[in-house]
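Some notes on the structure that comes next.
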Amino acid sequence: MRTYKIAAIPADGIGPEVIEAGSEVLSVLAQRAGDVRFEMTSFDWGSDYYKKTGVMMPEDGLEQLKPFDAIYFGAVGAPDVPDHITLWGLRLPICQGFDQYANVRPTKIIPGVTSPLRGVEVGDLDWVIVRENSEGEYSGHGGRAHKGMPEEVGTEVSIFTRVGVTRIMRYAFKLAQSRPRKFLTVVTKSNAQRFGMVMWDEIAAEVAQEFPDVTWDKMLVDAMTVRMVKNPQSLDTIVATNLHADILSDLAGALAGSLGVAPTANIDPERRFPSMFEPIHGSAFDITGKGIANPVATFWTASQMLDHLGETEASERLMRAVEKVCAEGILTPDVGGGATTKEVTEAVCEAIRGENI
Ligand code: IPM
Ligand code: MG
């Protein structure tokens, strides 16, 4: 029996609803496999915890998470807590504290989900965005002086290091190499930003030498948005800075039909620490408690988690089940259906139990 210890942090808004759905699906996958077990431990950290204690997670939060094999994360954000507190109090300290420097965001059109792009079908859009997840525009360097005065200044400094850029570039080239097209697009803004971004371009060219079988090209981030919309078939694996990839991955999710299906993995490729898996969508207060949150992103990120743990068979089975259920039209309202979170979850569990999955 292979046992994996998973830390669940459902946190805010629809987070608990989708993490509950994901946990159910994981336990059915384990039953089906017979030789795998997921031992889930839930942590009540997040905005409610903040309102009670003044912190989003306890001071020794990272220590508590260290012994786990992976972290399954819901969403953070609450209407009455400033966003920079929820973000810098929980999700970013985990990503940065565990040096989860590779943020991996696959996008494809799931059967049954319609892309807003005319004529773009399943298979036409099949991308993985690799987001640098430890530095860049999210380094947290900056400050404000003369607060509230007419001469107030605010700085927000992006930090790009050779170590940081080289390791994410290597990760992206390796990932591109593992995909059938062996094709990577490196995104920067090196026409306007002459230092860090030019360094990105140079390091890309250096790392490319290590991967002679990977074809690669370069795009400026503004032109990239046009290419994603006009010529989605021309892209495969994409690497970009923390902020650029943040923006591009929202666009990617929208082009694939809904942010409700988009997953993300925060990976420590060196496996010194647990990696963290989450849906891209936020806490969505507008639909919290209504039972209609789309659990597909949380299932898809569970499949990324299974891949990371080496449970490829379960990972593939889960995605086949999700695709089958979506193709049958069992969809939540955000992707044009009328099903509830529970109905989609039940259908996916049923499909996993089925013989031919
Ligand atoms: C994401 C989100 C976060 C980010 C927000 C919640 C700050 O948009 O995971 O893409 O920008 O990192
Ligand atoms: Mg984002």
Side-chain angles (χ1 to χ4, degrees), residues 9-16 18-19 22 45-47 50 56-57 70-107 127-142 156-160 164 168 187 189 221 224-225 228 238-268 275-288 293-294 296-298 300-302 304-305 334:
I9 310 179
D12 303 343
I14 58 171
V18 291
I19 290 297
W45 306 340
S47 296
Y50 173 81
M56 292 288 290
M57 67 169 163
I71 303 164
Y72 200 29
F73 192 90
V76 276
D80 48 357
V81 183
D83 282 341
H84 65 274
I85 288 184
T86 52
L87 182 66
W88 284 98
L90 188 59
R91 194 175 154 267
L92 283 184
I94 297 174
C95 289
Q96 297 188 350
F98 285 163
D99 207 13
Q100 297 163 344
Y101 65 82
N103 181 277
V104 182
R105 303 189 156 186
T107 313
W127 306 331
V128 186
I129 298 181
V130 177
R131 170 179 179 181
E132 201 297 313
N133 211 31
S134 66
E135 54 175 35
E137 307 86 346
Y138 283 60
S139 299
H141 269 247
E156 194 74 54
V157 180
S158 301
I159 294 181
F160 300 102
I168 198 65
V187 178
K189 184 66 188 169
V221 65
M224 183 67 173
T225 61
M228 286 168 73
I238 297 158
V239 64
T241 70
N242 215 329
L243 181 64
H244 289 165
D246 172 44
I247 298 164
L248 295 181
S249 59
D250 262 27
L251 176 60
L255 295 179
S258 167
L259 266 195
V261 303
T264 187
N266 301 282
I267 305 243
D268 163 25
S275 292
M276 179 161 71
F277 301 83
E278 55 172 344
I280 288 188
H281 62 68
S283 44
F285 332 118
D286 52 330
I287 57 161
T288 300
N294 193 341
V296 167
T298 308
W300 194 344
T301 197
Q304 290 186 290
M305 178 163 81
D334 58 300

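Every value quoted in this text rests on a predicted model; they were computed, and no experiment measured them. Start at 1 and go down the list; that is how both ligands and their atoms are numbered.
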Handout entry: Asp250 N/O under 3.5 Å from ligand 1 N/O
Key = no

Completion exercise
At under 4.0 Å between heavy atoms, what of Glu137 touches ligand 1? The answer is neither

Practice task
Decide yes or no for Val239 and Ile129: does some side-chain heavy atom of the first lie under 4.5 Å from some side-chain heavy atom of the second?
Solution key: no

Handout entry: the Mg ion (ligand 2) to nearest N/O/S of Asp246 below 2.8 Å
Key = yes

Completion exercise
Of all protein heavy atoms, the one nearest atom 5 (C) of ligand 1 is Leu87 CD1, 4.3 Å

Practice task
Find out whether Met305 and Trp300 are in side-chain contact, i.e. whether some heavy atom of one side chain is under 4.5 Å from a heavy atom of the other.
Solution key: no

Practice task
Around atom 9 (O) of ligand 1, find the nearest protein heavy atom and jot down its residue, atom name and distance.
Solution key: Arg105 NH2, 2.8 Å

Practice task
Check whether any side-chain heavy atom of Thr298 sits under 4.5 Å from a side-chain heavy atom of Glu278, and report yes or no.
Solution key: no

Practice task
May I ask you to check if ligand 1 and Tyr138 share an N or O to N or O distance below 3.5 Å?
Solution key: yes

Practice task
Give the residue, atom name and distance (to 0.1 Å) of the protein heavy atom nearest atom 3 (C) of ligand 1.
Solution key: Arg91 NH1, 3.9 Å

Handout entry: atom 10 (O) of ligand 1 [closest protein heavy-atom partner, distance rounded to 0.1 Å]
Key = Asp246 OD1, 2.8 Å

Handout entry: Atoms in ligand 1 with a heavy atom of Arg131 nearer than 4.0 Å
Key = 1 (C), 4 (C), 9 (O), 10 (O), 11 (O), 12 (O)

Practice task
May I ask you to check whether Ser139 and Glu137 show a side-chain donor-acceptor distance below 3.5 Å?
Solution key: no

